[in-house]
> 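Before I ask anything, let me first share the structure, which is written out below as structure tokens.
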Amino acid sequence: MVKVRLEFSGGLDLLFGNQKAVEADIPQQSGHQLTVAEAMAWARDNLLTDRPELFMKGSSVRPGVLVLLNDTDWELCGELDALVADGDRVTFISTLHGG
Amino acid sequence: MVKLCGHCGEQRAVLRRPKTFEQLCRECFYTALEAEVHETITAARLFRPGERVAVAASGGKDSTVLAHMLTTLNRRHGYGLDLFLLSIDEGISGYRDDSLETVKRNEAQYQIPLHVYSYKDLYGWTMDEIVSQIGTRSNCTFCGVFRRQALDRGAALVGADKIATGHNADDVAETVLLNIIRGDVPRLGRCANIITGEDSPLPRVKPFKYTYEKEIVMYAYFKRLDYFSTECIYAPFAARGFAREFVKDLEAARPRAIVDLIRSAEQFRVPGRSSSSNSSSGAKAVVLPQAGSCERCGYISSQPVCKACMLLEGLNKGLPRLGVTRTRKTHKAPAVGGPAAATAAQLAAAPAAAVDPAAADLVAPQAAGGVSTAAAPRPEPGMQRCRISSCLQAQTGAASVQQCGFCTSPQQPAVCCGSGACGGSALGSLEAGGAPEADPPAADHSAALAGPGSEGSFAYLQNKGAIASHPSARHAAQ
């Protein structure tokens with residue numbers, strides 16, 4: 001199990017039962033470190049209450065959803081393959097709402 | 001693995017800029033983004049010193065970042081702008097209520113004044129009331145048309161020279177695509193302009209025209225700016241739909257696609273009327289609609305009656321589909337110097353009509369200076385307005401004339417404005433609960449109108465002079 005803080009904002013919180021942050025224990029495959037892709041899929045399968053198509057498209061986030069790992073753009077960390085360790089924070093921010 | 005900022009080389013990089021792929025730390029990102037917006041503002045000469053600028057504020061991410069950025073840059077670079085926040089309250093409970101709270105906090109955070117105008121004040125209807133009449137199919141049409149005018153009217157009422165909006169690069173790219181898909185050639189030719197307002201009385205500027213949505217959201221996130229991100233309850237997650245999604249897909253594949261779409265649109269040349277004589281090429285020149293002004297409210301319109309007045313007429317008559325469907329024939333063009341032409345002067349001559357003192361200030365001097373759109377004849381002595389507050393019909397005769405011929409018509413109490421001279425005075429009868437056929441006669445109808453809120457209902461007519469006499473309106477009318 002990996003202890004991860006998942007944060008949802010920019011309207012995504014509405015898809016996750018109005019939760020802005022969840023302290024999650026995410027199971028990992030033995031011998032492998034957890035990746036952002038797995039954490040995301042776990043959130044979709046276990047936390048999402050509404051409209052999964054607004055969160056993910058295929059195996060990644062829907063384009064327009066920003067992802068940060070410990071407040072760093074996931075594009076700098078390896079995106080889907082970025083590794084998530086105990087105590088890490090993964091933030092999902094939708095930019096798709098009006099401005 | 002920690003990547004260092006590509007600019008300062010000291011701090012940890014926190015994001016990759018989509019346009020340039022630069023990897024920057026927070027501070028360098030703030031500096032870069034602010035410098036870029038400053039560059040956009042100065043290169044396009046968006047503002048002049050001393051201008052009074054309304055920042056269109058919805059409480060959402062773009063307008064919140066815009067308010068923050070403009071106040072920061074105004075101070076840092078000495079733009080000399082008189083900035084204030086301008087919000088429109090559509091009257092959507094649970095959505096706009098909450099976002100207005102955000103805007104009110106922004107007022108305190110950025111130390112610039114806030115002005116709020118509501119659909120109820122301007123048009124007599126809240127969006128909640130409109131939706132209760134028309135359902136949720138065409139509601140965005142009403143809201144969009146009303147909001148566009150509401151910003152202009154609100155800005156004119158508080159004496160703004162310009163409106164700054166938070167439209168970002170992604171929004172502009174979407175608009176370009178939508179206009180291509182719709183074949184809307186006139187709009188395609190101008191939608192990528194950084195200064196717009198050909199069809200509005202006030203110029204509108206987009207300081208974020210080249211700023212990516214991603215960077216706006218990142219800026220707001222890192223700076224912990226206070227913004228509101230709930231979707232409108234009547235259009236959840238539906239905003240502009242597929243075009244928006246398509247732009248994001250393009251961006252994912254190649255981030256420059258957004259700015260390239262904008263650059264493309266900047267290069268479009270829409271053939272104007274002048275080329276229509278040249279038919280040898282076989283291509284038909286696009287006939288651009290000519291801007292005039294609405295005969296009811298004076299707002300810039302290519303039709304005799306503007307879209308908002310059409311929609312309002314439908315609502316007030318209990319025929320809300322009017323103006324939404326395209327089957328209706330357009331009104332006949334008004335005769336030059338007809339009732340509509342006189343209205344700005346009438347408004348100026350009837351100070352009681354002005355609900356907002358600011359409106360009176362704006363209307364009176366400008367109309368008196370003879371700069372209203374149609375060189376309106378001054379009402380002759382002895383003329384007065386019909387007492388129906390929304391009716392703009394001038395009356396000759398003694399004070400005993402209380403209502404104009406249209407408004408007193410017992411056959412048509414609910415459609416007294418059939419002449420086009422009245423901005424929807426059937427409102428009172430609807431509010432009184434009567435179906436149009438069963439309306440009370442005119443006297444009751446006017447009494448209903450004179451009730452609380454009725455003057456405010458038509459406040460949007462009151463600053464007509466201010467809007468009509470704005471330089472851009474005169475320009476458009478020529």
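Just so it is clear: chains get the letters A, B, ... in the order the sequence lines come, proteins before strands, and each one is counted from 1.
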> Give the member of B:Ile216, B:Thr165, B:Val14 that has the highest number of heavy-atom pairs under 4.5 Å with chain A.
B:Val14

> Report which part of A:Thr91 has an atom under 4.5 Å of a heavy atom belonging to chain B: side chain, backbone, both, or neither.
side chain

> Where does A:Glu7 contact chain B at under 4.5 Å (heavy atoms): side chain, backbone, both or neither?
side chain

> Could you tell me whether the side chain of A:Leu68 reaches within less than 4.5 Å of the side chain of B:Phe222, counting heavy atoms only?
yes

> Look up atom OG in A:Ser9 and atom NZ in B:Lys61, then write down how far apart they are to the nearest 0.5 Å.
12.0 Å

> Quick check: do B:Glu245 and A:Lys57 have side-chain heavy atoms less than 4.5 Å from each other?
yes

> Are more than 12 heavy atoms from other residues, nucleotides or ligands located less than 6.0 Å from atom NZ of B:Lys223?
yes

> Between A:Arg62 and B:Lys248, is there a side-chain heavy-atom distance shorter than 4.5 Å?
no

> To the nearest 0.5 Å, what is the distance between OG1 on A:Thr95 and CE on B:Met218?
10.0 Å

> Give me the atom names and distance for the closest heavy-atom approach of A:Pro63 to B:Asp249.
CG-OD1, 2.9 Å

> So which atom in A:Asn70 and which in B:Arg12 form the shortest heavy-atom distance, rounded to 0.1 Å?
O-NH2, 4.1 Å

> Find out whether A:Leu66 and B:Lys214 are in side-chain contact, i.e. whether some heavy atom of one side chain is under 4.5 Å from a heavy atom of the other.
yes

> Drop me the distance from A:Leu76's CG to B:Lys3's NZ, to the nearest 0.5 angstrom.
5.5 Å

> Find the one option among A:Gly78, A:Gly64, A:Cys77 whose heavy-atom pairs under 4.5 Å with chain B are most numerous.
A:Gly64

> State the CD1-OG distance between A:Ile93 and B:Ser229, to the nearest 0.5 angstrom.
9.5 Å

> Residues of residues 25-37 of chain A under 4.5 Å from chain B (heavy atom pairs)?
none

> Mind checking the CD-CZ spacing from A:Glu75 to B:Phe21? Nearest 0.5 Å is all I need.
8.0 Å

